[in-house]
Amino acid sequence: MADMREATVPDIGDFTDVPVIEVLVKPGDRVEKDQGLVTLESAKATMEVPAPFAGTVREVKVKENDTVSQGTVIALIEASDEKAAPKPAAPAAKPAAAAAESAPKKSVSPVSEEGRAGPKASAAKAETTLAPKSAPPEQRDESGPRSPPVPFDADAVAPGKVPYASPAIRAFARELGVDLARVHGSARNGRITKEDVQAFVKSALAGGMPQPGAAAGGGLNLLPWPQVDFSKYGEIEEKPLSRIKKLSGANLARNWAMIPHVTQHELADITDMEAFRKQLGAENREVKVTPLVFMIKAVVAALKQYPQFNASLEASGEKLVLKKYFHIGIAVDTAEGLVVPVIRDCDRKGVLELAIELGAISKKARDRKLSPADMSGGCFSISSLGGIGGTYFTPIINAPEVAILGVSRSSMRPVWTGSEFKPRLLLPLSLSYDHRVIDGADAARFATYLAQCMGDLRLLLL
Ligand code: CAO
């Protein structure tokens, strides 16, 4: 007669309502004693619940995301070996510490998260049945269906490099020869899933990753992003990034990593420009005329003088595309993040017209009403932090443009005229340029000319 027994969650310390993150068996599966049935994930560790005896799984009582505690029935197993199957009255499992003394393999095998779990998990680690990392392969039961869990010696791995994955995923990765330290975990708390391992393998086959054998981040490769459990060090709060931040972040990261940036600094004397701006503003009170519109005009003049700045590298890297139009992108700070709408044909517009358009496009940006068309076609960008403060900064080039002007806050400073110091209003400029396209000497010329135009607006008429 069939000897049907329950496989239950054994003593797992103080943990209760622990989520099931993986179900490792299905009805009909033949399991050996100690083979993993499900993987649980506590706040601090992942652990497998092993089969208490050998047999055939007849029914699985839990599914992924269920929560379980000590005594929860995981599966009904038809025992195949009377000697291996404990009497029904026997406790589901010995307390781990006792088991540690009496059995070569214990009933629960926690793996500490990132190797940096709290004291409780560390204690649990000491109670595990994991084969020591140095155990020869044959002792690790490589051929067995699931157990024992993959060796894991958290203390032997540098903090921040310890991959967070269930024993089953570790076994899966080991089968494929994947070093989990190089796999990005997409699940909660950076846990690595089977899909992550598969994606890593696909990427490696496609040549997108350092090949096995290369040290993680070794040679000239980038290191993997550090995965840190910040809550270990104090209270934290998680806040999802806005859609704009995620999009702009990816663009900024690419541009910073792929474009060899150099930033040329310059000081423009805008004393006279500022006097004119104030006069213009007083005469046109309905329009807000800020220094930025004059800077747009000065940039157009400098682009005309130095056409290699009004250009883009073709994707092949073989050609420079020179533009005969002057569309200027303006970085606008919004509650959702940075956006760069483009003002078209700035060479054909006067400062008042530009002031009106700048006001309209900034409002549109802050109202989140910009369309993709509003943000495309730019030749050169200006990022003005002048309304906020600061002296100099390094703006990141907005690819495929080849340069960007950063503007900081103007201030009155004493300037030596040759015979005396005079108070002058000086504006700090930061010109970042793509050194593949623009030489340092040309950048210095461009920045100097820009400052001259701002210092003497008559140059804009030429
Ligand atoms: N020096 C001194 N004062 C300046 C100045 C400068 N360089 N630039 C602007 N100001 C003054 C303006 O005259 C205005 O003064 P009043 O209120 O007295 O008239 C005040 O600062 C605020 O200006 P503003 O910022 O509203 O307007 P703007 O035309 O200078 O800039 C915009 C418009 C959309 C570019 C700006 O609002 C903005 O979003 N800037 C942030 C851009 C940004 O985040 N860049 C970072 C990118 S890199 O991460």
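Please read all numbers here as calculations on a predicted model, not as lab measurements. One-based numbering, in listed order, for ligands and for the atoms of each.
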Inset, instruction - Locate the shortest heavy-atom distance separating Val293 from Leu354; write the atom from each residue and the value. - result: CG1-C, 3.7 Å
Legend entry - Protein heavy atom at shortest distance from atom 31 (O) of ligand 1: Leu292 CD2, 3.7 Å
Inset, instruction - Decide, yes or no, whether a salt bridge links Lys363 with Asp367 under the criterion of side-chain N to carboxylate O below 4.0 Å. - result: yes
Inset, instruction - Please confirm whether Ser362 comes within less than 3.5 Å of ligand 1 when only nitrogen or oxygen atoms on both sides are compared. - result: no
Legend entry - Ser410 side, atom OG; Met454 side, atom CE - distance, nearest 0.5 Å: 11.0 Å
Legend entry - His327 side chain vs Ile343 backbone, donor-acceptor pair below 3.5 Å: no
Inset, instruction - Indicate whether the side chain of Arg409 and that of Ser411 have a donor and an acceptor atom separated by less than 3.5 Å. - result: no
Legend entry - Nearest-contact summary for atom 35 (C) of ligand 1 - protein heavy atom, Å: Ala331 O, 3.5 Å
Inset, instruction - Quick one: look up the protein heavy atom nearest atom 22 (C) of ligand 1 and list residue, atom name and how far away it is. - result: Gly387 CA, 4.0 Å
Inset, instruction - State if Arg366 counts as touching ligand 1 under the rule of any non-hydrogen atom under 4.0 Å. - result: yes
Legend entry - Top protein contact for atom 1 (N) of ligand 1, by heavy-atom distance: Ser410 N, 2.9 Å
Inset, instruction - Apply the test side-chain contact (heavy atoms from CB on, under 4.5 Å) to residues Glu266 and Thr448: give CA-CA distance (whole Å), side-chain angles for both, the deciding distance (0.1 Å), then the verdict. - result: CA-CA 7 Å; Glu266 182 58 284; Thr448 307; 3.5 Å; yes
Legend entry - Taking atom 45 (N) of ligand 1 as the reference point, the nearest protein heavy atom with its distance: Ser383 OG, 2.9 Å
Inset, instruction - Among all protein heavy atoms, pick out the one at the shortest distance from atom 4 (C) of ligand 1; state its residue, atom name and that distance to 0.1 Å. - result: Gly386 O, 3.5 Å
Legend entry - Atoms of ligand 1 close to Lys288 [distance to a heavy atom under 4.0 angstrom, numbered from 1]: 17 (O), 19 (O), 26 (O)
Legend entry - Glu336 versus Thr334, side-chain donor and acceptor atoms under 3.5 Å: no
Legend entry - Region of Asp333 engaging ligand 1 - heavy atom pairs below 4.0 Å: both
Inset, instruction - Please indicate whether Arg436 has more than 12 foreign heavy atoms, meaning atoms of other residues, nucleotides or ligands, lying under 6.0 Å from its CZ. - result: yes
Inset, instruction - Using a strict cut-off of 4.0 Å, indicate which atoms of ligand 1 neighbour a heavy atom of Pro291. - result: 9 (C), 13 (O)
Inset, instruction - Specify the protein heavy atom at minimum distance from atom 29 (O) of ligand 1: its residue, its atom name, and the distance to 0.1 Å. - result: Thr290 OG1, 2.6 Å
Legend entry - Region of Leu427 that comes within reach of ligand 1 [heavy atoms, distance under 4.0 Å]: side chain
Legend entry - Any Pro395 heavy atom less than 4.0 Å to ligand 1: no
Inset, instruction - Look at atom 15 (O) of ligand 1 and say whether a protein heavy atom is found at less than 4.0 angstrom from it. - result: no
Legend entry - Geometric class of the His261/Trp256 ring pair [parallel <30°, tilted 30-60°, perpendicular >60°]: tilted
Inset, instruction - Consider ligand 1: state whether an atom of it lies below 4.0 angstrom from any non-hydrogen atom of Ser408. - result: yes
Inset, instruction - Return yes when atom CD of Glu286 has more than 12 non-hydrogen atoms of other residues, nucleotides or ligands closer than 6.0 Å, and no otherwise. - result: yes
Inset, instruction - Just jot down the ligand 1 atoms closer than 4.0 angstrom to any heavy atom of Ser384, in number order. - result: 40 (N), 41 (C), 42 (C)
Inset, instruction - Determine whether the side chains of Asp374 and Ser371 contain a donor N or O and an acceptor N or O closer than 3.5 Å. - result: yes
Legend entry - Leu358 neighbourhood, listing ligand 1 atoms whose heavy-atom distance to it stays under 4.0 Å: 29 (O)
Legend entry - Leu385 contact mode with ligand 1 (heavy-atom cut-off under 4.0 Å): side chain
Legend entry - Leu303 and Phe446, any side-chain heavy atoms less than 4.5 Å apart: yes
Legend entry - Over 12 non-hydrogen atoms of neighbours within 6.0 angstrom of CZ in Arg254: yes
Legend entry - Residue, atom name and distance, where the atom is the protein heavy atom closest to atom 49 (O) of ligand 1: Leu338 CD2, 4.0 Å
Inset, instruction - Please check atom 8 (N) of ligand 1 for a protein heavy-atom neighbour under 4.0 Å. - result: yes
